[in-house]
Amino acid sequence: MTVLPSQIGFRAPWRRLRSAAAAALVCAALGACTGEQFQKGYILPPGALEQIPIGASQDQVLIVMGTPSTVATLNGEVFYYISQRAERKVMFMNQQVVDQRVIAIYFDKNRQVTRLANYGLQDGKIFDFISRTTPTSGQELSYLAPLFKLISFR
């Protein structure tokens, strides 16, 4: 079979077009496999904790923060706002927890704020980001551990 010079010029653009289409298809397939981020639970508004001074009323906390995730009534009342952020790098892979937070707002018997705490997981321990202390013993640790297990998907 002989190929005429006019046919060679006609085949070259089709080869380039097929190569470009194949490259676009590969890019689209790989683009569909990119990671995702998941936010579960309470999303803390920027600057919300700064609007709650010690001594603020419970109603003021509800206006600024909204409804808590859960409430405890030990020696007063505690509002817990629970959140978790997870991501997966590639589709169809398991999620990995990137950040986990429990914001605790403690009230006295008069329903006034006595303490704010922003707990997270650091090195597998519950860590208070506001006072930079880790509880060594007490009831608070036993109440936060089930909350973390509740939102964990392992």
Side-chain angles (χ1 to χ4, degrees), residues 15-154:
R15 283 189 182 152
R16 282 190 220 122
L17 185 61
R18 279 192 299 190
S19 297
L25 184 63
V26 167
C27 289
L30 290 176
C33 293
T34 58
E36 295 178 280
Q37 286 194 350
F38 304 95
Q39 177 72 39
K40 299 170 187 128
Y42 182 78
I43 298 174
L44 179 67
L49 290 177
E50 289 79 22
Q51 296 179 25
I52 303 171
I54 302 298
S57 70
Q58 199 172 59
D59 292 334
Q60 190 176 358
V61 171
L62 288 171
I63 290 170
V64 172
M65 299 287 285
T67 305
S69 303
T70 188
V71 176
T73 54
L74 295 171
N75 300 332
E77 200 166 13
V78 184
F79 285 1
Y80 292 106
Y81 296 88
I82 305 166
S83 69
Q84 182 183 65
R85 194 167 45 96
E87 65 182 25
R88 60 178 163 202
K89 304 277 186 216
V90 180
M91 278 297 207
F92 308 113
M93 298 296 286
N94 290 333
Q95 294 180 20
Q96 299 211 346
V97 176
V98 177
D99 189 28
Q100 224 166 233
R101 300 268 177 202
V102 174
I103 298 167
I105 301 176
Y106 298 87
F107 299 96
D108 61 10
K109 300 285 184 192
N110 298 325
R111 302 176 95 176
Q112 303 291 315
V113 175
T114 59
R115 186 169 78 114
L116 296 171
N118 186 351
Y119 297 106
L121 280 177
Q122 270 190 352
D123 303 325
K125 297 179 182 177
I126 295 176
F127 183 84
D128 183 356
F129 285 95
I130 292 178
S131 65
R132 303 237 180 252
T133 59
T134 304
T136 56
S137 64
Q139 294 179 342
E140 190 170 1
L141 182 62
S142 65
Y143 286 106
L144 291 177
L147 293 175
F148 282 131
K149 288 181 183 177
L150 179 69
I151 60 175
S152 179
F153 291 101
R154 291 183 216 159

A.B. asks: Measuring from atom CD of Gln100 to atom CD of Gln84, what distance do you get when rounded to the nearest 0.5 angstrom?
C.D. replies: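 Going from CD on Gln100 over to CD on Gln84, the span is 4.5 Å.
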
A.B. asks: For the CD atom of Glu87 and the CG atom of Asp99, what is their distance to the nearest 0.5 Å?
C.D. replies: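 Glu87 CD to Asp99 CG: 10.5 Å, rounded to 0.5 Å.
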
A.B. asks: Any chance you could measure Ile103, atom CD1, to Leu44, atom CG, to the nearest 0.5 Å?
C.D. replies: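 Result: 4.0 Å between the selected atoms.
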
A.B. asks: Before giving the answer on side chain to side chain contact (heavy atoms under 4.5 Å, CB included), spell out for Met65 and Ile105 the whole-Å C-alpha distance, their side-chain angles and the decisive distance to 0.1 Å.
C.D. replies: CA-CA 10 Å; Met65 299 287 285; Ile105 301 176; 4.2 Å; yes

A.B. asks: Side chain to side chain contact (heavy atoms under 4.5 Å, CB included) with Asn110: which residues, sequence neighbours excluded?
C.D. replies: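 Asn110 satisfies side chain to side chain contact (heavy atoms under 4.5 Å, CB included) with Asp108, Gln112 only.
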
A.B. asks: Of all the heavy-atom pairs spanning Pro68 and Leu62, show the shortest one and how long it is.
C.D. replies: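 Shortest heavy-atom separation between Pro68 and Leu62 comes out as CD-CD2, 3.9 Å.
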
A.B. asks: Rounded to the nearest 0.5 Å, how far apart are CD of Glu36 and CZ of Arg88?
C.D. replies: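 Atom-to-atom, Glu36:CD and Arg88:CZ are 4.5 Å apart.
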
A.B. asks: Strictly by ring pair (Phe, Tyr, Trp, His ring centres under 6.0 Å), give each pair with a member in residues 38-78 just once, sequence neighbours left out.
C.D. replies: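 Qualifying pairs: Tyr42-Tyr81.
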
A.B. asks: Output a table of donor-acceptor pairs, distance under 3.5 Å, between side-chain atoms of residues 50-58 and any protein atom two or more places apart or on a different chain; print 'none' if there are none.
C.D. replies:
{"unit_1": "Ser57", "atom_1": "OG", "unit_2": "Gln60", "atom_2": "N", "d": "3.2"}
{"unit_1": "Gln58", "atom_1": "OE1", "unit_2": "Arg111", "atom_2": "NE", "d": "2.6"}
{"unit_1": "Gln58", "atom_1": "OE1", "unit_2": "Arg111", "atom_2": "NH2", "d": "2.4"}
{"unit_1": "Gln58", "atom_1": "NE2", "unit_2": "Glu77", "atom_2": "OE1", "d": "2.7"}

A.B. asks: Scan Val61, Val71, Val78 and name whichever one has a side-chain contact (heavy atoms from CB on, under 4.5 Å) with Phe107.
C.D. replies: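 With Phe107 as partner, Val61, Val71, Val78 yield a single side-chain contact (heavy atoms from CB on, under 4.5 Å), made by Val61.
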
